[in-house]
Amino acid sequence: MHRSHYDVGIIGSGIAGAALATALTRQGFTVALLDRRPGLLDTARGDHIQPGVQPLLERWGVLESLMLAGAEKRYGTRWLDGEGNHIVTIPVPDHPECPPYFLFLNHEQIGEVLLSRATQAGARSVTNVSHWSIERGNGHWTVNWKQAEDIGEFDCTLLVGADGTASSVRRTLKMDIERHRYQYPIAVLYGQLRDVPERRTLDVFVTADRIVSMIPRTGGESKLGLPIASEELPFWRDQPEDVLRSRLAQWCPQLEFEHVSFGDIYPPVSQQSKTYTGQGAAVLIGDARHAMHPARSMGMNTCFRVAGQLAECLNILSSGFSESEVLPVLSTFEASFSRTLAPQIAENHAAGLQMDTLSGGGFPQLLAQLRAAAKSPKVLQSMALRAAGVES
Ligand SMILES: Cc1cc2nc3c(=O)[nH]c(=O)nc-3n(C[C@H](O)[C@H](O)[C@H](O)COP(=O)(O)OP(=O)(O)OC[C@H]3O[C@@H](n4cnc5c(N)ncnc54)[C@H](O)[C@@H]3O)c2cc1C
């Protein structure tokens with residue numbers, strides 16, 4: 001029997017929504033999630049969990065489940081030139097509060113681990129929703145939904161929009177947004193190298209023509225990410241494997257693949273939603289609030305942090321809280337977001353702008369920065385802490 005009132009209703013059960021539901025159910029709150037997707041999350045997205053985020057996942061009781069689901073360890077980030085010459089390795093820092101490695105697991109599996117933990121702890125999750133609407137009641141929201149032939153309804157005191165970059169919750173609640181669309185879409189390809197090293201690293205090749213990122217996937221696979229011009233899309237999407245392989249070999253001759261195939265294309269965007277100022281308690285989290293360029297692998301990790309911050313702020317309340325009790329908590333959350341996360345998002349945008357180029361004329365500025373970093377232990381340490389998501 002489903003209850004009809006929940007403390008928190010979350011629209012969108014991607015990483016941000018599922019992470020928040022995991023955290024809140026552990027704190028004793030009642031949670032309902034709605035999502036329009038019929039199946040698993042898209043695989044071609046964030047799949048590397050920063051060392052600095054892992055203690056949070058451990059507190060939520062999901063770190064071990066991620067390992068059981070097949071998560072693997074990744075060590076530093078190597079920057080190489082087109083010939084495969086090593087420029088610099090950003091190591092994983094030695095830090096007392098987190099492990100000396102990143103974890104990686106396919107995005108959809110991370111989502112499944114979180115969602116099943118939340119539902120085991122009592123959250124209600126409805127997927128494949130074809131339509132939903134929200135209405136204000138007296139001190140709560142009423143959410144109506146339709147799923148195939150089924151219809152349903154629940155009330156919630158706090159409404160959370162976690163429905164991704166094109167958030168319908170944001171549109172419905174008329175929340176303003178600041179947005180920058182980057183010029184070059186990112187093509188994602190999947191491949192398997194002939195020789196997969198045992199100790200896996202994320203490798204970024206700064207070639208004369210393109211920056212190509214080789215991101216480890218579980219089972220020895222790799223995800224390749226590279227900016228392309230829109231008119232190149234038919235090439236990457238439609239050409240046979242040997243043609244894709246030889247194009248990649250032109251840029252990075254030392255990369256030899258067993259197989260490689262086109263995955264998808266994403267138009268990166270940097271956007272930040274403004275705070276909700278209308279009637280009732282509502283907040284956006286995840287990409288709905290802070291979508292960012294994938295250049296620094298921060299999007300999913302920021303989803304975890306924001307879900308953690310919101311859950312921590314809500315922890316002063318108990319299940320059954322009222323709208324008037326939760327409103328000041330949302331103000332606290334907004335203040336902590338502006339203080340700690342907004343600067344990181346601004347920094348990510350600066351990195352996104354730097355990577356938003358095709359040939360970049362051989363990327364002389366970036367190469368000079370990387371070579372200078374290689375010679376400075378202090379700069380390297382600060383880059384390592386930032387990449388790991390650890391405060392210096
Ligand atoms: C190519 C690429 C590579 C990336 N690489 C990294 C990386 O290496 N590291 C990293 O940390 N991050 C990375 N990211 C970013 C990361 O994947 C995202 O920040 C993260 O997945 C956002 O999660 P979310 O839950 O906020 O949104 P989403 O994953 O978009 O989930 C939103 C959910 O809401 C649902 N939904 C949407 N609209 C509606 C609606 N109207 N009604 C109901 N449900 C709805 C969707 O079905 C979905 O399940 C990458 C992103 C891309 C595109």
Side-chain angles (χ1 to χ4, degrees), residues 9-22 32-50 52-53 74 77 102-108 110-112 114-115 125-134 143 145-147 160-172 182 184-190 202 204 213-217 222-228 263-271 273 284-307 344-345 348 352 355 387-389:
I10 306 175
I11 311 285
S13 59
I15 298 295
L20 182 65
T22 301
L33 295 125
L34 278 193
D35 199 298
R36 68 179 176 192
R37 70 187 152 90
L40 296 174
L41 290 168
D42 179 7
T43 195
R45 311 192 89 215
D47 40 19
H48 284 238
I49 302 171
Q50 291 172 313
V53 166
R74 171 199 130 199
T77 301
F102 289 72
L103 280 182
F104 60 95
L105 182 66
N106 294 355
H107 187 78
E108 71 282 13
I110 300 175
E112 282 302 287
L114 289 166
L115 200 54
S125 167
V126 186
T127 51
N128 204 11
V129 168
S130 57
H131 175 82
W132 55 264
S133 61
I134 42 183
V143 182
W145 49 266
K146 187 168 185 320
Q147 176 204 50
V160 178
D163 52 343
T165 311
S167 173
S168 300
V169 176
R170 183 176 59 232
R171 232 180 11 255
T172 308
Y182 298 97
Y184 294 107
I186 306 288
V188 174
L189 291 91
Y190 298 105
L202 192 158
V204 189
S213 301
M214 286 274 296
I215 304 152
R217 300 254 292 172
S222 292
K223 181 171 75 175
L224 282 88
L226 57 142
I228 62 167
D264 215 330
I265 183 167
Y266 292 93
V269 61
S270 166
Q271 63 183 37
S273 299
L284 298 183
I285 62 166
D287 278 11
R289 184 187 185 107
H290 53 66
M292 54 186 84
H293 194 283
R296 288 286 182 269
S297 303
M298 275 179 56
M300 178 181 70
N301 287 287
T302 309
C303 289
F304 289 128
R305 286 203 175 80
V306 174
Q344 291 176 19
I345 292 168
N348 190 83
M355 304 287 265

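Just follow the structure's listing: the first ligand is 1, and inside any ligand the first atom is 1.
When the heavy-atom distances from atom 40 (C) of ligand 1 to W145, F304, W132 are ranked, the shortest goes to W132. Within the set A44, G299, S167, the minimum heavy-atom distance to atom 52 (C) of ligand 1 is found for A44. Around atom 46 (C) of ligand 1, the closest heavy atom drawn from L41, I110, D35, L34 belongs to D35.
The one candidate from D35, L34, L33 that meets the side-chain contact (heavy atoms from CB on, under 4.5 Å) condition with T127 is D35.
Within the 4.0 Å heavy-atom shell around ligand 1 one finds N301.
Panel note: side chain N301, backbone H48; a donor-acceptor pair is recorded below 3.5 Å. Between the S213 side chain and the I215 main chain, no donor and acceptor come within less than 3.5 Å of each other. No side-chain donor-acceptor contact under 3.5 Å links H107 to the backbone of D47. At distances below 3.5 Å, at least one donor-acceptor pair connects side-chain atoms of Q271 with backbone N or O atoms of T165. Formation of a donor-acceptor pair under 3.5 Å by the D287 side chain with backbone atoms of G299 is not found in this model. S273 contributes a side-chain N or O that, together with a main-chain N or O of A288, makes up a donor-acceptor pair within less than 3.5 Å. The backbone N or O of H293 sits nowhere less than 3.5 Å from a side-chain atom of S270 that would complete a donor-acceptor pair.
A donor atom on one side chain and an acceptor atom on the other are found under 3.5 Å apart for R217 and T43. Using modelled atom types, one finds no donor on one side chain facing an acceptor on the other under 3.5 Å when comparing S167 with R289.
Residue, atom and distance of the protein heavy atom nearest to atom 23 (O) of ligand 1 are C303 SG, 3.6 Å. Of all protein heavy atoms, the one closest to atom 37 (C) of ligand 1 is D163 O, 3.2 Å. What sits closest to atom 11 (O) of ligand 1 on the protein, heavy atoms only, is M300 N, 2.8 Å. Of the protein's non-hydrogen atoms, the one nearest atom 30 (O) of ligand 1 is R45 NH1, 3.3 Å. R36 N, 3.2 Å is the protein heavy atom nearest to atom 44 (N) of ligand 1. Of all protein heavy atoms, the one closest to atom 26 (O) of ligand 1 is D287 N, 2.7 Å. The shortest contact between atom 27 (O) of ligand 1 and any protein heavy atom is with G164 CA, 3.8 Å. Among protein heavy atoms, atom 25 (O) of ligand 1 sits closest to A16 N, 3.0 Å.
Atoms of ligand 1 lying under 4.0 Å from at least one heavy atom of H107, given by number and element, are 17 (O), 21 (O). For ligand 1 and I15, the ligand atoms under 4.0 Å from any heavy atom of the residue are 25 (O). Each of the atoms 32 (C), 33 (C), 34 (O) of ligand 1 lies under 4.0 Å from some heavy atom of A162. Distances below 4.0 Å separate heavy atoms of Y266 from the following atoms of ligand 1: 1 (C), 53 (C). Residue contact check: G46 has heavy atoms under 4.0 Å from atoms 4 (C), 5 (N), 6 (C), 7 (C), 8 (O), 9 (N), 10 (C), 12 (N), 13 (C), 14 (N), 16 (C), 17 (O), 50 (C) of ligand 1. When each atom of ligand 1 is checked for a heavy atom of P294 under 4.0 Å away, the hits are 3 (C), 4 (C). Those atoms of ligand 1 with a heavy atom of S168 less than 4.0 angstrom away are 41 (N). If you number the atoms of ligand 1 from 1 as listed, the ones under 4.0 Å from a heavy atom of G286 come out as 26 (O).
Nearest heavy atom pair, residue P268 against residue I186, reads CG-CG1, 3.8 Å. Contact between I345 and M292 at its shortest, heavy atoms only, is CG1-CE, 3.7 Å.
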